[in-house]
Asks: 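Sending over a structure as structure tokens; questions will come in a sec.
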Amino acid sequence: MSYWLLKSEPDEFSIQDLRLKKTERWDGVRNYQARNFIEQMQPGDLAFFYHSSCKTIGIAGVMSIASHAYPDPLAVDKSSPYFDEQSLQKNRWLAIDMQYKTTFKHVLKLANIKALALNDERLLDLKLIQKGNRLSVMPISNEQWQCLMEACVPN
DNA sequence: GCCAACGTTGGC
DNA sequence: GCCAACGTTGGC
């Protein structure tokens, strides 16, 4: 089993939205590196739901991967902002289904994660806090997952 | 709203 | 294949 972190702007789609939907398609990823990580995901894998570009930036909770990756229907949907002309020939983008698991009592804030990393070498190579990182989908190591779960307040 | 950092595009 | 220009991400 593998661990992941996926970013979403809560104004667009938040962990509260996923909680209500229970299961939802994670689509619109338009970055090759992120796509390749989606390709590696397996049903049952766990992922942090990260809220980006918002008031309280950080890890809001946990979800599980609920399917294998499949072609992203938005890539060939001309009415979608995620439409991709090149994908009409061959759909080059992937989507995957995510299932709601838990919401943390408090968002584990980015600033707190950075502070943790100063004292915990397990977080040293966490992609999330590396300078200039913009990946919206990234792997999380076993140790990093444990470390971050220890730091959060579960519900 | 600003801007650093990055990814993509396209001319050459 | 190089690289300048451009668009996007995302923290602050």
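Here is the naming used below: chain letters follow the sequence lines, and residue numbers restart at 1 for every chain.
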Asks: For atom CD of E143(A), decide whether the heavy atoms of other residues, nucleotides or ligands shown that lie under 6.0 angstrom number more than 12.
Replies: no

Asks: Just to be sure I understand the geometry, which residues of residues 113-137 of chain A put a non-hydrogen atom under 4.0 Å away from DNA chain B?
Replies: K131(A), G132(A), R134(A)

Asks: Give the rounded distance in Å between these two atoms: CG of L110(A) and C1' of dG10(C).
Replies: 10 Å

Asks: Provide, to the nearest angstrom, the distance between the NZ atom belonging to K109(A) and the C1' atom belonging to dC12(C).
Replies: 15 Å

Asks: How many whole angstroms separate atom CG of D11(A) from atom P of dG11(C)?
Replies: 13 Å

Asks: Does a salt bridge link R92(A) with D84(A), judged by any charged N lying under 4.0 Å from a carboxylate O?
Replies: yes

Asks: List the atom of M149(A), the atom of V62(A), and the distance in Å for their closest heavy-atom pair.
Replies: SD-CG2, 4.2 Å

Asks: How long is the line joining CG of D84(A) and P of dT9(B), in whole Å?
Replies: 9 Å

Asks: Give the rounded distance in Å between these two atoms: CE of M138(A) and P of dT9(C).
Replies: 14 Å

Asks: Y82(A) has an atom OH; how far is it from atom C1' of dT8(C), in whole Å?
Replies: 12 Å

Asks: Look at R35(A) together with D72(A) and state whether they make a salt bridge at an N to O cut-off of under 4.0 Å.
Replies: no

Asks: Round to a whole Å and report the spacing from CD of E85(A) to C1' of dG10(B).
Replies: 17 Å

Asks: For the residue pair L148(A) and E150(A), establish whether any side-chain heavy-atom pair is separated by less than 4.5 Å.
Replies: no

Asks: Is any side-chain N or O of K7(A) closer than 4.0 Å to OP1 or OP2 of dT9(C)?
Replies: no

Asks: Looking at S8(A) and P10(A), would you say the former's side chain and the latter's main chain have a donor-acceptor pair under 3.5 Å?
Replies: no

Asks: Could you tell me how far apart Q33(A) (CD) and dT9(C) (P) are, to the nearest whole angstrom?
Replies: 15 Å

Asks: Examine dG11(C): is either OP1 or OP2 under 4.0 Å from a nitrogen or oxygen in the side chain of Y50(A)? Give yes or no.
Replies: yes

